[in-house]
*Asks:* 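First the structure, which I've put down as structure tokens, then a few questions once you've had a look.
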Amino acid sequence: MGNCAACCRGFWCRAKNPDVRISLPAVCFMWQIAMIILFGVFVRYDEESDAHWSEHKRANNITSDIENDFYYRYPSFQDVHVMIFVGFGFLMTFLKRYSFGGVGFNFLIAAFGLQWALLMQGWFHFLDPVDGYIKIGVENIINADFCVAGCLIAYGALLGKVSPVQLMVLTLFGITLFAVEEYIILHVLHVRDAGGSMVIHTFGGYYGLTISWILYRPKLDKRLNGSVYQSDVFAMIGTLFLWMFWPSFNSAISDHGDGQHRAAINTYLALASSVLTTFAISSLSAKRGKLDMVHIQNATLAGGVAMGSAAEFMITPYGSLIVGFCCGIISTFGYLVISPFMEKYLKIQDTCGVHNLHAMPGVLGAVVGAITAAAASESVYGHEGLVNTFNFKGKYAERTPATQGGFQAAGLCVALAFGIVGGAIVGLILRLPFWGDPSDDNCFDDEVYWEVPEDEESIPPILEYNSHMVGKNTDRMSNFTVEQS
Amino acid sequence: MGNCAACCRGFWCRAKNPDVRISLPAVCFMWQIAMIILFGVFVRYDEESDAHWSEHKRANNITSDIENDFYYRYPSFQDVHVMIFVGFGFLMTFLKRYSFGGVGFNFLIAAFGLQWALLMQGWFHFLDPVDGYIKIGVENIINADFCVAGCLIAYGALLGKVSPVQLMVLTLFGITLFAVEEYIILHVLHVRDAGGSMVIHTFGGYYGLTISWILYRPKLDKRLNGSVYQSDVFAMIGTLFLWMFWPSFNSAISDHGDGQHRAAINTYLALASSVLTTFAISSLSAKRGKLDMVHIQNATLAGGVAMGSAAEFMITPYGSLIVGFCCGIISTFGYLVISPFMEKYLKIQDTCGVHNLHAMPGVLGAVVGAITAAAASESVYGHEGLVNTFNFKGKYAERTPATQGGFQAAGLCVALAFGIVGGAIVGLILRLPFWGDPSDDNCFDDEVYWEVPEDEESIPPILEYNSHMVGKNTDRMSNFTVEQS
Amino acid sequence: MGNCAACCRGFWCRAKNPDVRISLPAVCFMWQIAMIILFGVFVRYDEESDAHWSEHKRANNITSDIENDFYYRYPSFQDVHVMIFVGFGFLMTFLKRYSFGGVGFNFLIAAFGLQWALLMQGWFHFLDPVDGYIKIGVENIINADFCVAGCLIAYGALLGKVSPVQLMVLTLFGITLFAVEEYIILHVLHVRDAGGSMVIHTFGGYYGLTISWILYRPKLDKRLNGSVYQSDVFAMIGTLFLWMFWPSFNSAISDHGDGQHRAAINTYLALASSVLTTFAISSLSAKRGKLDMVHIQNATLAGGVAMGSAAEFMITPYGSLIVGFCCGIISTFGYLVISPFMEKYLKIQDTCGVHNLHAMPGVLGAVVGAITAAAASESVYGHEGLVNTFNFKGKYAERTPATQGGFQAAGLCVALAFGIVGGAIVGLILRLPFWGDPSDDNCFDDEVYWEVPEDEESIPPILEYNSHMVGKNTDRMSNFTVEQS
């Protein structure tokens, strides 16, 4: 595998042995054991998931179990969970021979990432000042899923070109960077970003793109970099679950009551609007108006990304429609023009087009959020509503909407910086030659890391259709299979 | 494409050019821009999704955020949303070469329809008397999804035989008719129809069937009107999500408390029952008792349709089972006998069999609802329960259950009339020759409106299995592909 | 079908006619009619789903509709419902030619089983002492789904080797045994098992394995006992929905408030941990470290099974991670070593490997539950928390955690006994020669019980790609098809 005879790039050789039999188990075990130890030292239940809840309830005059945060957020959590594992996972099954890798490695790195995210976010945001423990509840596990989303976006840019060990490394550093970036944006700058246009999509997008730039493969074999009919239908499962549950994504951790309610409605509208413009541009750009599944699978989601910051603001229903309208156009345009340009001139190979689906709409979302925040007024929000929505409390009690808009814009810069600088560092680490990445002519092929079953077609038709009538053909088939493989 | 030389039907020619490169983008843009303008003029947040919620809460002595309607209805909304996009979408992927069109156009028209539905339903039901705005909250977006369901049902009858532009027109008129019909049934006649046996299923079914009758294609090429193994499995995704979430559909907008609770249980039971009779009739009707996937995919859902009106009534658990029992039989019988009869003698080509899944069970559901309403009594419901369930308040305080039963029956007639008359008018509009519909021998084929990827089989096996070992075959493959396409 | 000439085993002949045209409809109709009659005699709405709710509310000083149990449990119910129908159903689509049977028969027996479960569980747990009716609400339908899960697990061991009529019989007896076993474990022994490590997984696993042992087929044809690329991707749909919603499974019927909250978090963590160890062992065991889809599809779920008993206990977050860590290892090891061993030496053919996914992790979960219960203390739970979590009330007020641990262990023995003895009896019943089971060379083939559509490949390429250009090939294709089938 790999024709080393014809090419020797020495230490930086990319056509190394993609055997991960030692490295993958070693990384999985080490990191899982580290998680267990760190959880043992640092993580406990919070007051709403602890058995002392009934005492806590009495002490705080909470009259009913239904006031437990679990009932406010758990349905949204499950929707987000579906987005992370089925949404992102199946969206990446579109490649003809990389569906196992798409959905399987997504599963692996998300399951690892959420544990590390609980710790990292815990240290930064949820440390109990009294006993020093990280106290976790339903909001933490939503946040952990969010944090993972950033790394899965980065995976989208690299799909088919990296080894699972590289992905584990990418996730370890990605979650770490995410938690620091998030701390600076949400806590130091006191920026509002409930659906993560900045902290998740902008960061994750540029993090992945920068890594992809560093790992550029000039001789990449593209024969398997495409879809087949069935794999496109599989990818639509991912698309639709992302699309349907995005209102839950943007509302999952916004304020109880009107905050969650408004975030869901705004996102619902923006998404609907971007579907129409995506279909329009996709049809307009092709001979005979034929639609392209790549656009439908991806650009229809851009409206949700771009509502990530402003979803809980009073952006108005028609404002949401306008955001979705623009995003569908920009994102489809990105697939048509910008991605080919980036690949040819900037040497960035972006398998899933995360630049079009996450990076650009994320930046746009941050801008929309900054403008909407700057334009907020007591006449629209009411005094109490303004304070609640922007959390102008405590040391931020004096902040005005205009200032808030400025801080929102500053948050975008932080996200961009973390994505690009962090991606560059991690990309260099991932160039080290011992991660078991596939050679250029092995990319986009599940055969490298998976036991791929024989295809149905390799069974001669007579065996398949009349199998119950055939007596002694077993041997023949076995021979046939052996010859093929 | 289309052999115009051999056939010229002049103005009414159906084999016109299915090029939608101008018309589809034009319609998408125009209508989306219209939506933005109309939303700008008419739509605002309601009091539960507005930032003034905390003031509203205090003014109305609401003690907790959990009393926001969002927490009563949002989980059900998300289930309904999954039914609309994944349920209906994947149910229509069963055709061997029309899965893109099934799930993709479903996505397009649902995303457009829900915006128009918010406006139309808003003007009829949710106009704020003070400031004249339509105020939207979670109940509105559920209703918009319901409204869209009617048009998706109609699409089921026409699947594979119409262009996306025709579907957009069908949806525009369908939503309009729906809103008027719903206003008459629910408000003028004060009929109860929480799950829409009448307003959604009866209307949508006959609307689509009438259009299909008008658009009858005597020379329809049926070679692609069938499934393959994988497409049948994809369709089961749609079936199961519809089946599982139907209890949420029927309970999503019924009364808080026992109303939602009872509607969910009744629907759950009716659905379970119709599965068994569907399997029974399907097996009974075939040589060697072999089951037919068409029946399993569709008739199992009939119990949910037929509980649409009566779900929130005290129909009793065994009453629900009886309804499901009958529906499974009737619906499967429809696929076996009525659909072929309708196609042969009534010239109605019903691709998905919506007559069996929606129209007939919808009518049956309306009848069940009328009977159950007429039989209601204070001994069963309690005085308060009777008033709440049928909303015998205000100017309807004097209405008796028997009268209510009569009005329920009248509601069915309205739904039928709107479906048939509306369908006839829209059908004639859709016969106009400039909508880009496919020719008779182009039907059920994604090639017409989609860029369809090369099939895996067109890659010679050696390329596929040993792609990483092959050096210079790229050119060969390209040639091969070109020859094929 | 079946070559009776060459083999006559007389009364116990297993190669009998798999024609179910009479038996399947007869069973479906009889049992559904029986359900209707029994529901008519026994089942009514409970006070929270009855129209008298508003009176009940007033009488019990319930201030808000949101206190209706529906709002505490319905979102979890829907998640569980998805696990039963899509989770279990699609997990069983992995076989190359048995996807219809996997998802379809799963659908049939679940829909029947839940009705029978409502009755059986009702008689044992939910009988109203005043009027003798079974009163049902949302908790009952969750429990019915749980009860069905036991039988679906058993189906997993038998997948592809039994007829739908046998499955209906298996379900009838399985539900009956389940309800008795559950009554003894939860009520007589007062054991806590919210997620059913014992009552569902241990029982269901050994029930299916014992039946499979009795129905051993020494000459089983295994050519179709494997996956193809697409069917493995379909199975991942099942895996992921089971994995994502398992926190809802384990928390659905635990205590309001902290109980549900904690159960969800613990399960979430255990599942994440078992993903990493599954990937590790799978990679470690194969040449070149290639991952095996069978492991990823199944062993990743073992952490959820093993948290079934202890999920609502204060097992601590790191405790959950440890449980998941061990389960991923044990379960993958089971697929690698124990399943082949069981098939070769114990004559147990376990199609889906339920021993590795359900039986072993279930036993482990019961042990974990017993230990965690025995180690419980007031210092960790608080006095009130301890009483609530273990329900040390009424006649159990004197029970200590240590005693509780002993009873938990006793519960495991009951589950094992019911599974093995019950499975043996039902297995012997299923050996009777009139159930229409497939012959040894018919197993794992949908052709036996389903109308299977022609495969796409059987259409000559020219027809498929250029179908709209071809004029008179219809007849040719029909001929071709006939010859093939």
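Note that the structure is predicted; figures quoted are calculated from it, not measured. Here is how names work: the chains are called A, B, and so on, in the same order as the sequence lines, proteins then strands, and each is numbered from 1.
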*Asks:* With chain C as the partner, which of A/Gln78, A/Glu48, A/His56 has the greatest number of non-hydrogen pairs under 4.5 Å?
*Replies:* A/Gln78

*Asks:* Which bit of A/Arg73 is near chain C, if near means a heavy-atom gap under 4.5 Å: side chain, backbone, both or neither?
*Replies:* neither

*Asks:* Among C/Gly226, C/Pro75, C/Gly382, C/Ser283, which has the most heavy-atom pairs under 4.5 Å with chain A?
*Replies:* C/Ser283

*Asks:* For chain A, which of C/Asn266, C/Asn388, C/Thr389 has the most heavy-atom pairs under 4.5 Å?
*Replies:* C/Asn266

*Asks:* With sequence neighbours left out, what residues match C/Ser377 under side chain to side chain contact (heavy atoms under 4.5 Å, CB included)?
*Replies:* C/Ser379, C/Val380

*Asks:* Less than 4.5 Å apart, side chain to side chain, heavy atoms only: is that true for C/Trp246 and C/Leu301?
*Replies:* yes

*Asks:* Below 4.5 Å from any heavy atom of chain A, which atoms of C/Phe325 appear? Answer side chain, backbone, both or neither.
*Replies:* side chain

*Asks:* What residue, out of C/Val294, C/Thr300, C/Leu386, has the most heavy-atom pairs lying under 4.5 Å from chain A?
*Replies:* C/Thr300

*Asks:* Do C/Ser273 side-chain atoms and C/Leu321 backbone N/O form a donor-acceptor pair below 3.5 Å?
*Replies:* yes

*Asks:* Where do C/Phe444 and C/Leu220 land on the side chain to side chain contact (heavy atoms under 4.5 Å, CB included) test, with the steps shown first?
*Replies:* CA-CA 10 Å; C/Phe444 312 118; C/Leu220 185 61; 4.0 Å; yes

*Asks:* Just so I understand: if I count every heavy-atom pair under 4.5 Å between each of C/Val233, C/Asp255, C/Leu269 and chain A, which residue has the most?
*Replies:* C/Val233

*Asks:* In Å and rounded to the nearest 0.5 Å, what is the CG to CD distance from A/Asn143 to A/Glu139?
*Replies:* 6.0 Å

*Asks:* Can you tell which part of A/Asp145 gets under 4.5 Å to a heavy atom of chain C, answering side chain, backbone, both or neither?
*Replies:* both

*Asks:* Compute whether any side-chain donor of one residue and acceptor of the other, for A/Ser49 and A/Asp46, lie under 3.5 angstrom apart.
*Replies:* yes

*Asks:* Which one wins on heavy-atom pair count under 4.5 Å against chain C: A/Ser23, A/Cys28, A/Ala26?
*Replies:* A/Cys28

*Asks:* If you compare all heavy atoms of C/Ser251 against all heavy atoms of C/Ser76, which two are closest, and at what distance to 0.1 Å?
*Replies:* OG-OG, 4.5 Å

*Asks:* Name the member of A/Trp31, A/Phe107, A/Phe29 that forms the most heavy-atom pairs with chain C at distances under 4.5 Å.
*Replies:* A/Phe107

*Asks:* Counting heavy-atom pairs under 4.5 Å with chain C, which one of A/Phe42, A/Tyr449, A/Phe100 comes out on top?
*Replies:* A/Phe100

*Asks:* Give the C-alpha distance, both sets of side-chain angles, the deciding distance and a yes or no for ring-ring contact (aromatic ring centres under 6.0 Å, His included) between C/His256 and A/Trp53.
*Replies:* CA-CA 11 Å; C/His256 288 179; A/Trp53 159 250; over 10 Å; no

*Asks:* Pick one of side chain, backbone, both or neither for C/Phe313, based on which atoms fall under 4.5 Å of a heavy atom in chain A.
*Replies:* backbone

*Asks:* Less than 4.0 angstrom from a charged side-chain N to a carboxylate O is my criterion; do C/Asp441 and C/Arg223 meet it?
*Replies:* no

*Asks:* Out of C/Pro247, C/Ser282, C/Ala286, C/Ser231, return the one with the most heavy atom pairs under 4.5 angstrom to chain A.
*Replies:* C/Ala286

*Asks:* Only pairs of heavy atoms separated by less than 4.5 Å count here; which of A/Phe77, A/Phe90, A/Phe112, A/Phe234 has the most with chain C?
*Replies:* A/Phe234

*Asks:* At a heavy-atom separation under 4.5 Å, does A/Asn140 approach chain C through its side chain, its backbone, both, or neither?
*Replies:* neither

*Asks:* Pick one of side chain, backbone, both or neither for C/Leu271, based on which atoms fall under 4.5 Å of a heavy atom in chain A.
*Replies:* neither

*Asks:* Sort A/Tyr74 into side chain, backbone, both or neither according to what part of it lies under 4.5 angstrom from a heavy atom of chain C.
*Replies:* side chain

*Asks:* Using non-hydrogen atoms and a 4.5 Å limit, figure out which bit of A/Asn68 sits close to chain C: side chain, backbone, both or neither.
*Replies:* side chain

*Asks:* Evaluate A/Asn106 against A/Leu152 for side chain to side chain contact (heavy atoms under 4.5 Å, CB included), listing each step before the verdict.
*Replies:* CA-CA 7 Å; A/Asn106 183 80; A/Leu152 300 182; 3.3 Å; yes

*Asks:* Would you confirm whether C/Arg262, through its side chain, and C/Glu312, through its main-chain N or O, come within 3.5 Å as a donor-acceptor pair?
*Replies:* yes

*Asks:* Run the ring-ring contact (aromatic ring centres under 6.0 Å, His included) test on A/Trp450 and C/Tyr229 for me, step by step, so that the C-alpha distance in whole Å, both residues' side-chain angles and the decisive distance to 0.1 Å come before the verdict.
*Replies:* CA-CA 11 Å; A/Trp450 297 86; C/Tyr229 196 72; 9.8 Å; no

*Asks:* Heavy atoms only, distances under 4.5 angstrom: which of A/Ile22, A/Ile136, A/Leu118 has the most pairs with chain C? Name it, please.
*Replies:* A/Ile136

*Asks:* Using non-hydrogen atoms and a 4.5 Å limit, figure out which bit of C/Glu67 sits close to chain A: side chain, backbone, both or neither.
*Replies:* side chain

*Asks:* Heavy-atom distance under 4.5 Å between the side chains of A/Glu451 and C/Met293, does that happen here?
*Replies:* no

*Asks:* Please state whether the side chain, the backbone, both or neither of C/Ile62 comes within less than 4.5 Å of a heavy atom of chain A.
*Replies:* neither

